[in-house]
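A short worksheet on the structure shown next.
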Amino acid sequence: MKKAIKFSLVFRDMWQSAGKYVPTVDQLTRVAPAIIEMGCFARVETNGGGFEQVNLLFGENPNKAVREWTKPFHEAGIQTHMLDRALNGLRMSPVPDDVRRLFYKVKKAQGTDIARTFCGLNDVRNIAPSIRYAKEAGMISQCSLCITHSPVHTVEYYTKMAYELIELGADEICIKDMAGIGRPHTLGRIVANIKEKYPEIPVQYHSHAGPGFNVASILEVCEAGCDYVDVGMEPLSWGTGHADLLTVQAMLKDAGFQVPEINMEAYMKVRALIQEFMDDFLGLYISPKNRLMNSLLIGPGLPGGMMGSLMADLEKNLETINKNNIKNNRPLMSQDQLLIKLFNEVAYVWPRVGYPPLVTPFSQYVKNLALMNVMQMEKGKARWSMIADDIWDMILGKAGRLPGPLAPEIVEKAKAEGRKFFEGNPQDNYPDALDKYRKLMNEKQWEVGEDEEELFEYAMHPAQYEAYRSGKAKVEFKADVAKRKAEQANVGKPQVAAAPAAPAGPVTLAMPTTPQVMTVDVNGQAYRVTVAFGDTAGAAPAAPAAPAAAPSAPAAPAPAAGEGKEVLSPLEGKFYMIKNASDTPVKVGDEVKEGDVLCYVEAMKTYNAVRAEFAGKITSICFHSGDAVSEDDVLMTIQ
């Protein structure tokens, strides 16, 4: 009999890989006992991903969700593990050092045992502090090799990285095959090399099923000495998700490995609950195509965790392109045509920006850059004409060292725009910030929370935390769910049933606009929404991370445009005056110079700076921070 292989259920990642959101806290606590009853899991994933993946858009506190989710597993002796993006913490952009340190303290206090740390650039310098902070907090430090397939990502490259991480103190190594494009033979050699030198170090394999390699890869890494395998389960396995538990268990058992038995009665309970949660609302954000295996993913190498949200968002990008096509009397584009254009452009962009491993956030950066290139070229504009600030930070080395060289055209563009390359330690670019957020919370009379967990959430996700505390996030989320349910109910009905006079769902909510406080009832639950957010008479909205972060109310009218030249939104997304609490927003009456940053449009998880194309005085700001905007909406006027 061969060695024992243990299973980890990546419950959170199953949802993120399928769509955009995870279950609510009451759903998590309902399914936990049945997962435990299955009797086959040594580990379960607790949290990770972006802000919306940790429940805040439901109006729920993510700290409460993690505490309630981990509790039953601890009582059952099952370890829990979380995702950690090293320099980026839990978000898409770099995090101050003191916020990173607090991250581990908070998550350990909430019941998470293992910190699975990865750097999207495989830069060991970014991972080293995470090893130290995890150990300080009493957590197991599991460090990841982000697997991708390119001329620079060789067996030797990954073996050397694993050795460096272990010598820095990593307790475990995760082979993070986030796109499932790792080739089985290659992955087996990497694991064998690790086990040959460090046989006592546990190795865990994480992969996605999309391109079709991962079942063969699981068998190869187990033969090479892997200890833990991440699995998913129906109805969220396969496609952009993970290999199914039943398949993996049967395969390994047949190969002679010791594997746990599965309580099938409990398995069916969990399966039914997952389907129930999908039917409730989560399925509204899952594309049917995400259930399919797709060998087209071998080319672009995009990760499963990103494909879920990509397919959900792609319809908006397609709508934007087709609006332009209609305007210019050109044929409409189909989603499949857009997908092929996007995949081809990813293949063009990726080597030219230095082969960053295609994992969050850099997979999103490469995809966003490729998509913006496609969208701009469809409008007759030049490739590389719109590059978000976070993407520039990656290109310039501020987020870490790129594995490969930049193409000359990118280097020349950076020089032409006066951008400077950075060779130092990436963390040095992001100074400590907790004192600033403590001060802000004190001013707002907000508690820092048990184990300072509310302080952590605010410092990690300032703009989104403001929207959560104001109630705006929940109102908008509930409205979106209602809209999608109405649209789903109208599918297949005669066209006359969807007359213009009957909009699909309560897209706007009739709410009071008092400048003080209002109470909003959502599904029978009353909660308090503060609406005194700055001057509502046309002045600039306040910053997302200051008391005046959110708009007055979701249904409040935006200020009217003033005299002067119009500043148009370059794409569809959410409007923000600033992206960091320390930034100072422009306001009506300010003089601006050509090239100055005026505001941001947040789309596809990145903040896209909108710069002044001409000098002058701001005469109006037409949206509030957090408002949804469409392409070509007038954001400001300058005279």
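Side-chain atoms are counted along with the backbone in the values below, which use heavy atoms only and exclude waters and symmetry mates.
Tyr355 is listed as a side-chain neighbour of Pro151, based on a closest heavy-atom distance under 4.5 Å. The side-chain heavy atoms of Glu476 and Lys574, taken from C-beta on, include a pair separated by under 4.5 Å. The closest side-chain heavy-atom distance from Val229 to Cys222 is below 4.5 Å. A 4.5 Å side-chain heavy-atom check between Leu165 and Leu145 finds at least one atom pair inside the cut-off. Residues Ile321 and Gln337 fail the side-chain proximity criterion, which asks for heavy atoms closer than 4.5 Å. Contact check for Val634 versus Val567: no side-chain heavy atoms found under the 4.5 Å cut-off. Contact of the Pro403 side chain with the Pro357 side chain is registered, since non-hydrogen atoms from C-beta on lie closer than 4.5 Å. Met14 places none of its side-chain heavy atoms less than 4.5 Å from the side chain of Glu45.
Counted by atom type alone, Tyr285 and Asp480 present one or more donor-acceptor pairs between their side chains at under 3.5 Å. Checking Tyr607 against Asp390 by side-chain atom types alone, no donor-acceptor pair falls below 3.5 Å.
Among pairs with a residue in residues 274-286, those fulfilling salt bridge (charged side-chain N to carboxylate O under 4.0 Å, His left out) read Arg30-Glu276, at least two apart in sequence or across chains.
Judged by distance alone, with hydrogens and angles left aside, the side-chain atoms of Asp123 form a donor-acceptor pair with the main-chain N or O of Arg401 at under 3.5 Å. At distances below 3.5 Å, not a single donor-acceptor pair connects side-chain atoms of Thr117 with backbone N or O atoms of Ile127. Side-chain atoms of Arg91 come within 3.5 Å of backbone atoms of Met460 as a donor-acceptor pair (strictly under, hydrogens ignored). No donor-acceptor distance shorter than 3.5 angstrom exists from the side chain of Arg611 to the backbone of Cys599, with no hydrogens or angles considered. Checking side-chain atoms of Asp177 against main-chain N and O of Gly182 turns up a donor-acceptor pair under 3.5 Å.
Considering only residues two or more places apart in sequence or on other chains, Ala209 meets the side-chain contact (heavy atoms from CB on, under 4.5 Å) condition with Asn214, Trp238, Met293. Residues satisfying the salt bridge (charged side-chain N to carboxylate O under 4.0 Å, His left out) test with Glu378, not counting sequence neighbours, are Arg330, Lys341. With sequence neighbours excluded, the residues forming a ring-ring contact (aromatic ring centres under 6.0 Å, His included) with His206 are His208, His242, listed by chain and number. The side-chain contact (heavy atoms from CB on, under 4.5 Å) check on Leu246 picks up Asp244, Ile262, Met264, Tyr267, with sequence neighbours excluded. Applying the side-chain contact (heavy atoms from CB on, under 4.5 Å) test to Met278 and every residue at least two apart in sequence or in another chain returns Trp15, Pro235, Leu236, Ile274, Gln275, Ile286. Qualifying ring-ring contact (aromatic ring centres under 6.0 Å, His included) partners for Phe281, counting only residues two or more places apart in sequence or in other chains: Phe58, Phe477. Legend: residues meeting salt bridge (charged side-chain N to carboxylate O under 4.0 Å, His left out) with Lys485, ordered by chain and number and at least two apart, are absent. Under the ring-ring contact (aromatic ring centres under 6.0 Å, His included) criterion, Tyr157 pairs with His153, sequence neighbours left out. Not counting sequence neighbours, the partners of Asp632 by the side-chain contact (heavy atoms from CB on, under 4.5 Å) test are Lys327, Leu568.
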Apply side-chain contact (heavy atoms from CB on, under 4.5 Å) to the pair Phe422 and Leu396, showing each step before the final yes or no. CA-CA 6 Å; Phe422 180 78; Leu396 298 172; 5.5 Å; no
Could you check Cys146 against Phe118 for side-chain contact (heavy atoms from CB on, under 4.5 Å), going step by step and ending with a plain yes or no? CA-CA 7 Å; Cys146 292; Phe118 71 93; 3.6 Å; yes
Set out, in order, the CA-CA distance, both residues' side-chain angles and the distance that settles side-chain contact (heavy atoms from CB on, under 4.5 Å) for Leu371 and Leu338, then state yes or no. CA-CA 9 Å; Leu371 185 57; Leu338 176 56; 4.2 Å; yes
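Minimum heavy-atom separation, Phe575 to Leu635: CD1-CD2, 3.9 Å.
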Please report, to 0.1 Å, the donor-acceptor pairs under 3.5 Å made by any side chain of residues 409-418, with sequence neighbours excluded.
residue, atom, partner, partner atom, Å
Glu409, OE1, Trp384, NE1, 2.8
Glu409, OE2, Arg352, NE, 3.3
Lys413, NZ, Trp384, O, 3.2
Lys413, NZ, Glu417, OE2, 3.0
Glu417, OE1, Arg419, NE, 2.9
Glu417, OE1, Arg419, NH2, 3.2

If you look only at distance, which donor and acceptor atoms sit under 3.5 Å apart when one is on a side chain in residues 183-191 and the other is two or more places apart or in another chain?
residue, atom, partner, partner atom, Å
Arg183, NH1, Ile181, O, 2.5

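Within a 6.0 Å radius of NZ in Lys381, other residues, nucleotides and ligands contribute 12 heavy atoms or fewer.
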